[in-house]
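Note that the structure is predicted; figures quoted are calculated from it, not measured. Numbered from 1 within each chain, the chains take letters A, B, ... in sequence-line order.
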There are 2 protein chains.
Amino acid sequence: MMVKITDVARHAGVSPSTVSYALSGKRPISEETRQRVEESIRRLGYRPHAGARALASSRSNVLALVVPLRAGIHVPVVMQFAVSVVTTARRYDHDVLLLTQEEGEEGLRRVADTALVDALIVMDVQLHDPRLPLLRALERPSVMIGFPASSDGLTCIDLDFKAAGEACVEHLARLGHRVVALVGSPPEVYVRQTAFAQRVVQGFTAAADRNGLASAVHPCEASPAAARAVAEQLLREQPALTGVVVHNEAILEPLVDAFEQLGLRVPGDLSVTAICPDELAESLRVPVTSIALPSAEVGTRAVELLMKKLGGSTAVPEATLLPPRMTERASAARRAIA
Amino acid sequence: MMVKITDVARHAGVSPSTVSYALSGKRPISEETRQRVEESIRRLGYRPHAGARALASSRSNVLALVVPLRAGIHVPVVMQFAVSVVTTARRYDHDVLLLTQEEGEEGLRRVADTALVDALIVMDVQLHDPRLPLLRALERPSVMIGFPASSDGLTCIDLDFKAAGEACVEHLARLGHRVVALVGSPPEVYVRQTAFAQRVVQGFTAAADRNGLASAVHPCEASPAAARAVAEQLLREQPALTGVVVHNEAILEPLVDAFEQLGLRVPGDLSVTAICPDELAESLRVPVTSIALPSAEVGTRAVELLMKKLGGSTAVPEATLLPPRMTERASAARRAIA
DNA sequence: CTGAAAGCGCTAACAT
DNA sequence: ATGTTAGCGCTTTCAG
């Protein structure tokens, strides 16, 4: 039933090792025998046994991907990221094992220690993530999506959220806005100390101060009702408000709707910029000027970093911050002079 | 560095096979030695090498999950399904390898033939899916989510979409509605001949006819503009319309909005029922009476079916149709008597 | 109830 | 440039 390497070797009139080397390219093979081997492989329909390979080479060619399940994370972003990881991994002849956050540290330890996977990608990293010590101790390379408080000895990658927050404000400032607000993630995200949410706040505040803008920050639950409430609160507390930065996929649309229902035109009376997936920004009734959440690129880069590490490269950067890219759309305009 | 079974055996003063059997339970072990073995395992931090295990036992304890990428599929549903598959697989001591549709038949063949996985779960099955012959020929069990034209020799599971379509109509009929319409998936879904979309149409039409209702079916693109257009078309072509069934997650909200903007109150003038994820139905401004898309249950059941097959059970049903469960919410009410 | 030992299919020294 | 062969770490007969 199953064709093995010795079958191929016999059929091609060579030794098993020659077949192995023909497949891996780890030593020179004469063009002629390589042809013969490849032909035999094709004719016999040979497929190397993954387990045997892993055992003999101590490489499974499988990466673990740990995805978050929790509230406040935008599902399409996770999915897009996962697809990008799988696609890129395949380009390097690797497969991807899917783990849920739920499995926790034990899950990571299990797949690493049983040699099921060669390396790990961990999403949704918290400032003081309990998995940090484990990842440091593990004998296998890993890449984290997001930044913990201290990334010493770890490899992290993410959008530069601080720069993204700054870019949104700078853009509004350039358009003449003097009073701005940030509508952010749900409170639990801040409580969890997810770094990226706080970074946005830092960037937002710093840029507002630097530009001499009046500013305020409002976390917001992921419900239309909450969006409405925040909109009302904003107008009450900052009557001169003309610029809003939104960092919360779930309520971007309801928030804009709420503003309009309150009699404010976007962008006529209020300019809006957001940090969100491009597809979301594009799809709204008023397309939103936004900094893209580059999930696909982060996924690709994460895999590439891992491959570099698996290749024994020592020159892998600890921190990779992807620069924000802004796309101007209809939602932000020059402030009307009263 | 790595602790192996012989280390454990030595430490516990038994043979390697005893350790193996203590772990697998495949032969009786005296309580006393089992204790000793377990203690040694714990002390040494032993983890069996996955590859070695797979090689010796010809079981990798890994399942493949193939997820779709194409247009017209609702991402959160896919994600929820995947999470449910992973969670359930873990309960059976299995892991999940993530594959994308993109990899195609070659991807399936690869992971199956290399013995990377023991079994496969395939989502988004088309009526005449090109993967069907392959899945039949594969030496490994598989479960398909969705129904092809002929499921002979394959194991399929899905919501009973025909019954779901019927249930929506029956519900509207019971509420006194006499003229109904189905707003369905984007045209490309029908062109692709995804069975579930057509089943809904069948159920919808059959139930409408059976109840003597006037009915019409309208595919609809996944954009707010398309929703608006369909709403207008509906009112033009079926002025007496009072009941609408929606089978299209993406446009449920815009469609209801469009109706209201056209002056129709939901459910005052128009009753709406939908086939969609519960979370979506709950989250709308007017919560929608709906048949749930039971992604989590489908995922769980799919894994259970595979486990049964892997266990050598021959009594695995070819077709599993999950009965629709309707939750009444605010969007459907008794027809107002003019 | 437990041990000994023969593989599982492949890779990577070590030879030539 | 190619062949020989000793493992990789575990499971599972076969023996007792």
Of the candidate nucleotides C/dT2, C/dG9, C/dG7, which contains the atom at the shortest distance from the side chain of B/Ala56? C/dG7
Looking at C/dC10, I'd like to know if its phosphate oxygens (OP1 or OP2) sit under 4.0 Å from a side-chain N or O belonging to A/Tyr46. yes
Using 4.0 Å as the upper bound for N to carboxylate O, is an ion pair formed by A/Arg34 and A/Glu38? yes
Within this structure, what is the NE2-to-C1' distance between A/His49 and C/dC10, rounded to whole angstrom? 10 Å
Under 4.0 Å from OP1 or OP2 of D/dT2: is there any side-chain N or O of A/Ser30 that close? yes
Can you tell whether the side chains of A/Arg47 and B/Glu106 come within less than 4.0 Å, N to carboxylate O? yes
Please report the distance, rounded to the nearest Å, between CD in A/Glu31 and P in D/dA1. 11 Å
With a cut-off of less than 4.0 Å, is there a side-chain N or O of A/Ser20 near OP1 or OP2 of C/dT11? yes
Of the candidates C/dA13, C/dG7, C/dC10, the side chain of A/Tyr21 sits closest to C/dA13
Rounded distance (Å) that lies between atom P of C/dG9 and atom CG of B/Asp113: 14 Å
Examine the base of C/dT11 for any acceptor or donor lying under 3.5 Å from a partner atom in the side chain of A/Arg53, and report the outcome as yes or no. no
Can A/Glu39 and A/Gln35 be counted as having a side-chain donor-acceptor contact under 3.5 angstrom? no
Write down the distance between CZ (A/Arg36) and C1' (D/dA1), rounded to a whole number of angstrom. 12 Å
May I ask you to decide whether B/Asp7 forms a salt bridge with B/Lys4, counting only side-chain N to carboxylate O separations under 4.0 Å? no
So, under a plain 3.5 Å distance rule, would you say the side chain of B/Arg27 forms a donor-acceptor pair with the base of C/dG3? yes
Rounded to whole angstroms, how far apart are CD1 on A/Ile5 and P on C/dC8? 15 Å
OP1, OP2 of D/dT12 versus side-chain N and O of B/Lys26: anything below 4.0 Å? yes
Please determine if a side-chain N or O atom of B/Ser15 lies less than 4.0 Å away from the OP1 or OP2 oxygen of C/dT2. no
Rounded to the nearest angstrom, tell me the gap between atom CZ in B/Arg10 and atom P in D/dG9. 13 Å
Within the pair A/Ser57 and C/dT11, is there a side-chain N or O less than 4.0 Å away from OP1 or OP2? no
Of the listed C/dG9, C/dG3, C/dT11, the closest approach to the A/Met2 side chain comes from C/dG9
Do any N or O atoms from the side chain of B/Lys308 and from the backbone of B/Ala315 form a donor-acceptor pair under 3.5 angstrom? no
With sugar-phosphate meaning primed atoms plus P, OP1 and OP2, does A/Thr33 contact a base, only sugar-phosphate, or nothing at under 4.0 Å between heavy atoms? sugar-phosphate
Integer-rounded Å distance: D/dT12 P and B/Leu23 CG: 12 Å
So, is A/Ser17 close to the D/dT4 phosphate, meaning a side-chain N or O under 4.0 Å from OP1 or OP2? no
Classify the nucleic acid contact of B/Val19 as base, sugar-phosphate or nothing, counting any heavy atom under 4.0 Å across all strands shown. nothing
Atom CZ of A/Arg59 and atom C1' of C/dA12 are separated, to the nearest Å, by 14 Å
Does A/Ser58 put a side-chain nitrogen or oxygen below 4.0 Å from OP1 or OP2 of C/dT11? no
Is the shortest side-chain N to carboxylate O distance from B/Arg90 to A/Glu102 below 4.0 Å? no
